Colleague: 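Starting off with a structure, shown below.
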Amino acid sequence: MRLSQQLFVTLREDPADAEVRSHALMARAGFIQKIAAGIYVYGPMMWRVLRRVEQIVRDEHDKAGCQEMLMPAVQPRELWDESGRWERYVNDGILFHFRDRKGSEVCLGPTHEEVITNYVKRMVQSHKQLPVILYQIQTKFRDEIRPRFGLMRGREFIMKDAYSFDCTAEAMVESYQTMRTVYRNIFSRCGLRFTPVEADSGAIGGSGSEEFMVDADTGEDAIAVCRTTGYAANVEKAVSKIAPPPAPEAEVAMHKEPTPAAKSCDDLQKLFPDLPLERMLKTVLYKAVIGETEQVVAVMCRGDRELNEVKLLNHLDAVAIEMADEETVKRVTGAEVGFAGPIGLSDEVRLLADNSVEGVQGFLCGGNETDTHYLDVYFGRDLPQPETADFGTVKEGDLTVDGEGKIEITRGIEVGHIFQLGTKYSEAMSATYNDEAQKRQPIWMGCYGIGVSRVAASAIEQNHDENGMIWPLPIAPYAVHLVQMKAGNEEQDALAQEIQDTLEAEGIDVLWDDRKKVAPGAKFKDADLIGIPLRIVVGRDAGERQVEWSVRGVDAPRENLSAEDAIARVRAAVKESGR
RNA sequence: CGGGGCGUAGCGCAGCCUGGUAGCGCAUCUGCUUUGGGAGCAGAGGGUCGUUGGUUCGAAUCCAAUCGCCCCGACCA
């Protein structure tokens with residue numbers, strides 16, 4: 001493909017609204033163009049990348065026996081009322097919804113559990129038709145609270161979603177395992193470094209769940225990993241083992257301590273320099289919406305630890321939780337904010353404790369009285385230990401639960417998420433099959449998503465340098481960038497043409513920069529920016545059939561090779577990459 | 001939702017405080033020269049200053065409303 005015939009525009013400066021490198025680079029290279037917040041045009045180069053990713057996704061699904069299909073983006077409210085999600089998605093403000101000409105409410109699909117369950121329900125009657133896994137690649141719509149980071153969090157994005165349907169829980173787990181393998185294969189084939197992690201299933205619901213994280217320091221998600229044991233989990237879900245602090249030297253009776261204006265652990269440390277943070281227990285107040293009612297919940301936690309709201313939300317089976325406001329804190333503690341504690345709280349408060357309080361003796365806690373804390377408090381002696389569970393956030397350096405290794409915190413970009421849904425949707429929407437005994441049984445479901453456009457963005461987030469993008473060969477817009485120094489020079493024209501034709505005849509795609517009147521420096525800058533991995537430069541030695549070979553992002557000297565050798569290098573690289 | 005910031009040529013910005021009819025860099029167009037890391041010279045085109053209303057003899061500039069975009073926060077007592 002001759003670059004001179006393409007609509008190709010690059011910008012020298014980053015666009016003002018680009019916060020992350022992938023966004024800035026793709027915008028500068030003309031891969032994407034913003035048309036509204038979180039909504040982008042995919043230019044021809046970008047579309048080639050997206051099609052490459054899609055093709056890998058498709059291929060791996062088909063190999064595993066999944067069937068591709070396509071569902072509508074416009075969906076009627078009734079379907080969403082059946083699953084009970086309309087209300088919730090509208091309240092969360094995430095659903096694009098409107099009324100049609102007749103006044104019926106419809107939405108643009110943010111996901112397709114309802115449609116697929118409805119489809120399968122009407123298609124499947126017998127256990128003989130199961131198992132089956134269906135998938136589609138399609139544009140999804142989510143009116144994100146805060147679209148961000150270019151393609152990373154858009155309001156319209158390309159997603160592959162798959163759904164498995166099985167007769168039993170065991171069979172569902174089998175389908176889930178199949179998809180785990182499919183996902184590993186997909187991200188490996190895309191040429192990405194990634195980490196599969198245990199995950200919270202969030203709004204979709206269900207039991208087992210795993211996320212696929214592209215390793216990148218700029219990722220939105222923090223993940224806990226252990227090199228020794230191989231443990232890996234999203235910090236929302238991660239568990240660890242922490243040792244209780246040593247007991248105080250002498251056991252003394254609980255007593256009040258004046259703590260004027262000491263509202264935080266920091267302040268308290270200044271007042272009690274000899275008391276370790278581990279022996280200060282903070283009490284955090286939340287307002288939780290559980291079903292139709294709102295409840296105030298107090299959670300105790302060690303001073304050196306942080307709470308994990310996701311775990312708390314799950315434990316409470318709450319729809320939403322938030323930190324209690326000042327007024328609520330004053331009402332239930334009878335004190336200014338900063339002095340909440342477990343002793344003397346209002347009866348309306350449900351008291352919980354994080355595992356980190358386990359075994360802490362002679363601790364300091366809030367006095368539920370302004371400028372007052374209790375010191376030398378013991379669970380069992382001075383008050384019963386509240387209901388204790390894991391509400392904490394793991395920290396770098398924690399031990400894994402089996403005590404075998406240390407946890408490190410790294411960052412990643414979530415590009416895939418797989419769930420065991422169970423019968424949540426099938427029961428809500430009466431998707432059943434007849435078993436051998438002619439009995440109606442709910443279908444066991446799983447769902448599996450990949451953010452196709454996010455995969456592309458994360459590839460750049462993971463692979464770029466100060467000059468531009470560095471595409472992994474399997475998903476690069478072209479395999480080879482043929483840079484011709486002086487278009488119009490007969491020897492160069494002939495050699496470049498020959499190289500392009502040879503490679504294209506072998507099914508290898510070539511971007512040939514044959515632009516006239518573009519300075520060599522500009523061509524190199526553009527080549528660096530768009531990041532096609534394999535580069536052949538046809539220049540002054542074209543008469544001797546000599547070209548220059550380099551690989552984008554590889555720190556090695558440029559090599560002078562014969563055209564034939566360069567072509568052989570391309571063949572080898574393409575073959576190795578599986579492109 | 002709350003808080004802050006910004007809308008001026010395709011892109012990046014100045015001008016606004018202190019009203020007087022718009023400027024810089026990149027990009028674009030023409031010509032000549034140049035051709036291995038964003039070339040030089042000469043010339044040229046392109047903007048209802050987001051929108052609406054108000055104040056004023058006069059508004060990019062002041063006021064109000066509105067739309068859009070960006071950032072920060074959902075801060076642990």
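Just so it is clear, the model here is predicted, and its values are computed rather than measured. Computation of the quantities below employed the complete heavy-atom set of this structure, encompassing side-chain atoms and omitting hydrogens, waters and symmetry-equivalent molecules. Throughout, a chain's letter reflects where its sequence line sits, starting with A, and its residues are numbered from 1.
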Colleague: Quick one: does A/Asp526 reach the base of B/rG38 with a side-chain donor-acceptor pair under 3.5 Å?
Modeller: yes

Colleague: Could you check A/Arg148 against A/Val329 and say which one's nearest nucleotide on RNA chain B is further toward the 5' end?
Modeller: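 Nearest nucleotide further toward 5': that of A/Arg148.
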
Colleague: What interatomic distance, in whole Å, is found between P of B/rG25 and the corresponding atom of B/rG43?
Modeller: 13 Å

Colleague: Given atom CD of A/Glu466 and atom P of B/rG37, what is their separation to the nearest angstrom?
Modeller: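 In whole Å, B/rG37 P and A/Glu466 CD are 17 Å from each other.
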
Colleague: Rounding to a whole Å, what distance do you find between A/Ile321:CD1 and B/rC75:P?
Modeller: 11 Å

Colleague: Got A/Tyr286 and A/Met323 here, is their nearest side-chain heavy-atom distance under 4.5 Å?
Modeller: yes

Colleague: Mind calculating the distance between CG (A/Leu3) and P (B/rG38) to the nearest angstrom?
Modeller: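 In whole Å, B/rG38 P lies 19 Å from A/Leu3 CG.
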
Colleague: With 3.5 Å as the limit, what N/O pairs link the protein to nucleotides 66-70 of chain B?
Modeller:
residue: B/rC69; atom: OP1; partner: A/Ala37; partner atom: N; Å: 2.9
residue: B/rC69; atom: O3'; partner: A/Lys34; partner atom: NZ; Å: 3.1
residue: B/rC70; atom: OP1; partner: A/Lys34; partner atom: NZ; Å: 3.4

Colleague: Taking only nitrogen or oxygen atoms into account, show me every contact under 3.5 Å that the protein makes with nucleotides 23-27 of chain B, one pair per line with its distance.
Modeller:
residue: B/rG25; atom: N2; partner: A/Glu13; partner atom: OE1; Å: 3.2
residue: B/rC26; atom: O3'; partner: A/Arg12; partner atom: NH2; Å: 3.4
residue: B/rA27; atom: OP1; partner: A/Arg12; partner atom: NH2; Å: 3.2

Colleague: Taking the C1' atom of each, how far is B/rC26 from B/rU21, in whole Å?
Modeller: 27 Å

Colleague: Which part of the nucleic acid, if any, lies within contact of A/Val299, taking any heavy atom under 4.0 Å across all strands shown: a base, the sugar-phosphate backbone alone, or nothing?
Modeller: nothing

Colleague: Please check if any side-chain donor atom of A/Glu461 sits under 3.5 Å from a side-chain acceptor atom of A/Thr218, or the reverse.
Modeller: yes

Colleague: Kindly indicate whether a cation-pi arrangement holds for A/Arg155 with A/Phe141, taking the cut-offs as under 6.0 Å to the six-membered ring centre and within 45° of the axis.
Modeller: no

Colleague: Please report the distance separating the C1' of B/rU51 from the corresponding atom of B/rC13, rounded so that it comes out in whole Å.
Modeller: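 After rounding to an integer number of Å, I get 23 Å for this pair.
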
Colleague: Can you tell me the base-pairing partner of B/rC75? Count Watson-Crick or G-U wobble geometry only, both distances below 3.5 Å, and say none if there is no partner.
Modeller: none

Colleague: Taking the side chain as every heavy atom from C-beta outward, state whether A/Ile532 and A/Val480 have any pair of such atoms under 4.5 Å apart.
Modeller: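 SC-SC contact between A/Ile532 and A/Val480 ruled out.
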
Colleague: Among B/rA74, B/rG38, B/rA77, which nucleotide has an atom closest to any side-chain atom of A/Ser264?
Modeller: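 It is B/rA77.
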
Colleague: Rounding to an integer number of angstrom, what distance separates B/rU18 and B/rU34 when you compare their C1' atoms?
Modeller: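 Their C1' atoms lie roughly 48 Å apart.
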
Colleague: Between A/Asn489 and A/Lys486 (side chain of the first, backbone of the second, donor and acceptor by atom type, cut-off under 3.5 Å), is there such a pair?
Modeller: no

Colleague: Between the protein and nucleotides 32-36 of chain B, are there any N/O to N/O pairs under 3.5 Å, and if so, what are the atom names and distances?
Modeller:
residue: B/rG36; atom: O2'; partner: A/Arg540; partner atom: NH2; Å: 3.1
residue: B/rG36; atom: O6; partner: A/Arg540; partner atom: N; Å: 3.2
residue: B/rG36; atom: N1; partner: A/Glu548; partner atom: OE1; Å: 3.4
residue: B/rG36; atom: N2; partner: A/Glu548; partner atom: OE1; Å: 2.2
residue: B/rG36; atom: N2; partner: A/Glu548; partner atom: OE2; Å: 2.9

Colleague: Write down the distance separating the C1' atoms in B/rU61 and B/rC76, rounded off to the nearest Å.
Modeller: 46 Å

Colleague: May I ask you to test the A/Lys287-A/Asp325 pair for a side-chain heavy-atom distance under 4.5 Å?
Modeller: yes

Colleague: Mind checking the CD-CZ spacing from A/Glu19 to A/Arg148? Nearest 0.5 Å is all I need.
Modeller: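 CZ of A/Arg148 is found 9.5 Å from CD of A/Glu19.
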
Colleague: Can you check whether A/Tyr374 and A/His255 have ring centres sitting under 6.0 Å from each other?
Modeller: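 So the answer is no for these two rings.
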
Colleague: Rounded to whole angstroms, how far apart are CD on A/Glu326 and C1' on B/rC75?
Modeller: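 Those two atoms, CD and C1', are 15 Å apart.
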
Colleague: Please confirm whether the backbone N or O of A/Gly366 pairs with a side-chain atom of A/Lys282, one donor and one acceptor, at under 3.5 Å?
Modeller: no

Colleague: Tell me which nucleotide, if any, is Watson-Crick or G-U wobble paired with B/rG37 when both distances must be under 3.5 Å.
Modeller: none

Colleague: Pick the P atom in B/rG47 and in B/rC11, then give their distance to the nearest Å.
Modeller: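 Going atom to atom, P in each nucleotide, I get 14 Å.
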
Colleague: Report yes if some heavy atom in the side chain of A/Glu564 is under 4.5 Å from a heavy atom in the side chain of A/Arg545; otherwise report no.
Modeller: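 Yes; the side chains approach each other to less than 4.5 Å.
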
Colleague: Flag the pair A/Ile530 / A/Phe8 as yes when at least one side-chain heavy-atom distance between them is below 4.5 Å, and no otherwise.
Modeller: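 Yes, side chains in contact.
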
Colleague: Between A/Arg28 and A/Asp14 (salt bridge meaning N to carboxylate O under 4.0 Å), is one present in this structure?
Modeller: yes

Colleague: Going by purine N1 to pyrimidine N3 plus the second Watson-Crick contact, or the G-U wobble pair, all under 3.5 Å, which nucleotide sits opposite B/rC26?
Modeller: B/rG10

Colleague: Atom CZ of A/Phe339 to atom P of B/rC76: distance rounded to whole Å?
Modeller: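 Distance check: A/Phe339 CZ to B/rC76 P gives 14 Å.
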
Colleague: Which nucleotide, if any, forms a Watson-Crick or G-U wobble pair with B/rU18, using both distances under 3.5 Å?
Modeller: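 For B/rU18, the partner nucleotide comes out as none, under the 3.5 Å rule.
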
Colleague: Mind checking the C1' distance from B/rG23 to B/rG31? Whole angstroms is fine.
Modeller: 26 Å

Colleague: Rounded to whole Å, how long is the line connecting atom CZ of A/Arg302 with atom P of B/rA77?
Modeller: 14 Å

Colleague: So do A/Ile499 and A/Val570 actually touch side chain to side chain, heavy atoms under 4.5 Å?
Modeller: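 No, side chains not in contact.
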
Colleague: Just the rounded figure in Å: distance from C1' of B/rC75 to CG of A/Asp325.
Modeller: 15 Å

Colleague: Provide the distance between the two P atoms, one in B/rC49 and one in B/rG53, to the nearest whole Å.
Modeller: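 Looking at atom P only, B/rC49 and B/rG53 are 13 Å apart.
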
Colleague: Any strand counts, and the cut-off is 3.5 Å on both contacts for Watson-Crick or G-U wobble. Which nucleotide pairs with B/rA64?
Modeller: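 B/rA64 is paired with B/rU52.
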
Colleague: Taking the side chain as every heavy atom from C-beta outward, state whether A/Phe149 and A/His23 have any atom pair closer than 4.5 Å.
Modeller: no

Colleague: To the nearest Å, how far apart are A/Lys525 NZ and B/rA39 P?
Modeller: 10 Å

